[in-house]
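Notes for the one structure printed next.
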Amino acid sequence: MSQDSPQNRLADNASADIEPMGPTDGRVTPRFAGPVSFARLPRPSDAPRTPDLVVFGVPFDAGTSYRPGTRFGPNHVRQSSRLLRDFNTELEVAPFQLHQVVDAGDLVVNPFDIPRAIEAIEEAARGYTEADASFLAIGGDHTISLPLLRAVNAKHGPVAVLHFDAHLDTWDDFFGQPYTHGTPFRRAREEGLIDASRSLHIGIRGPQYNDVDIDESFRLGYATISAPDYDRQGLSGVFQAMRERLGDGPVYVSVDIDVLDPSFAPATGSPEPGGISTRELLATLRELRQLEVVGADIVEVAPAYDHAEITGYAAAHIGFELLSLMSRRVT
Ligand SMILES: [Mn+2]
């Protein structure tokens, strides 16, 4: 899929009277047939009204420090999302019936020039947020969260970042480079894009370069709920700590798929054993049901390392959960 122009994407044809176009019906056209889009959602040009929620891919992995390949992430997640159905049983919401949700295809980003790629991602994301659409971005490596947060900040001001990841991603640079997949949450803090007092990492684990890493993240203002905290505090303890930290304001959710244990998500570039399960992550996300989720990304899916689409299915369901949460706030 290629990207529609912003004008085509968000032509002013919205009317609350027009029913949204939902996904291709799996009871009419078999789920394994037909074109691939996230959850078999329509493209913007096929939808009868202006999108409320936009899914787009960001096939970019030039910021990767270890195993590359997340440039192929968006279409892998789309392929694994064919089985998603409409109704979210736990959140009791049918996002695709309630709102116009579309898959706008992939952004066109320069694979050799990171600063230009970041600019292009920010500009495209702003096109959606300025038109009052919320987005779910599918990466791509974690570099993309910085320009996505710039766009969200321009619309909503400083937001809380809820960052699911094995890694802090608050390092200063890699090999002297400031814009990489290990640095977005330091840059976002430096640029004043986020409300650090409400932001936190969840799922951190594994060896660090040294004991300064966690201290520096703390000094930047982030709180941390580690993967072992799921054992020490239990799910209810984690939920309570997360909700207290996030408070009531707008939240941006960034899910690095490596927050999951490699047994649940082998297809990623920097796997760390000892992660949380898919069920634990989905349960944690559902605890955001009362909050204002204004945007989200899923990053670091590198399909060449997947087995039987395990990682793809996990990412697809995380995406459905995030869209369900966002659909609860769209009016
Ligand atoms: Mn990350």
Side-chain angles (χ1 to χ4, degrees), residues 57-74 77 114 117-118 121 136-150 152 160-175 177-190 193-194 196 199-209 213-214 216-218 220 222-227 251-262 264-276 278 281 284-285 295-303 305 311 314-315 318-319 322:
V58 189
F60 173 84
D61 60 9
T64 304
S65 59
Y66 197 54
R67 303 196 298 191
T70 63
R71 64 181 62 182
F72 298 108
V77 177
I114 294 177
I118 288 175
I121 295 165
L136 167 65
I138 302 174
D141 74 42
H142 226 151
T143 311
I144 72 171
S145 292
L146 178 65
L148 296 173
L149 278 167
R150 286 177 182 166
V152 167
V161 169
L162 174 56
H163 169 218
F164 293 93
D165 205 322
H167 312 97
L168 296 162
D169 289 2
T170 50
W171 288 290
D172 198 12
D173 69 85
F174 281 93
F175 291 80
Q177 298 303 309
Y179 300 109
T180 76
H181 78 155
T183 57
F185 298 109
R186 181 179 291 236
R187 296 289 96 80
R189 176 73 175 92
E190 290 169 347
L193 304 179
I194 66 167
S199 296
L200 74 162
H201 315 291
I202 294 186
I204 303 300
R205 63 188 185 276
Q208 303 293 334
Y209 290 94
D213 292 346
I214 296 246
E216 285 196 359
S217 179
F218 182 74
L220 287 166
Y222 291 97
T224 296
I225 295 173
S226 70
V251 180
Y252 182 86
V253 182
S254 182
V255 179
D256 186 324
I257 202 70
D258 71 27
V259 71
L260 299 178
D261 189 82
F264 296 96
T268 195
S270 308
E272 304 280 351
I276 63 175
T278 308
L281 176 57
T284 308
L285 289 172
D297 62 55
I298 303 169
V299 297
E300 300 287 347
V301 175
Y305 317 108
T311 316
I318 293 162
L322 290 166

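None of the values given here were measured: they were computed from a predicted structure. Start at 1 and go down the list; that is how both ligands and their atoms are numbered.
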*Just wondering, are more than 12 heavy atoms of other shown residues or ligands nearer than 6.0 Å to CZ in Phe72?*
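No - once you tally the heavy atoms of other residues, nucleotides and ligands closer than 6.0 Å, there are 12 at most.
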
_From the N, O or S atoms in His142, identify the one nearest to the Mn ion (ligand 1)._
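It is ND1, the N, O or S atom of His142 closest to the Mn ion (ligand 1).
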
_Checking one value in my table: which N/O/S atom of Asp165 lies closest to the Mn ion (ligand 1)?_
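Going through the N, O and S atoms of Asp165 one by one, OD2 ends up nearest to the Mn ion (ligand 1).
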
_I need the single residue from His142, Glu300, His167 that forms a side chain to side chain donor-acceptor pair (under 3.5 Å) with His181. Which is it?_
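The option that passes is Glu300.
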
*Result of checking Asp297, Ile144, Leu193 against Leu149 for side chain to side chain contact (heavy atoms under 4.5 Å, CB included)*: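 Filter result, single survivor: Leu193.
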
*Is the Mn ion (ligand 1) less than 2.8 Å from an N/O/S atom of His167, whether that atom is in the backbone or a side chain?*
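His167 does not place any N, O or S atom closer than 2.8 Å to the Mn ion (ligand 1).
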
*Angle subtended at the Mn ion (ligand 1) by OD2 of Asp256 and OD2 of Asp169, nearest 10°*: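 Rounded to 10°, it measures 180°.
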
*So, are Asp165 and Arg205 salt-bridged, with charged N and O less than 4.0 Å apart?*
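Looking at Arg205 together with Asp165, the answer is no, because their closest N to O distance does not fall below 4.0 Å.
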
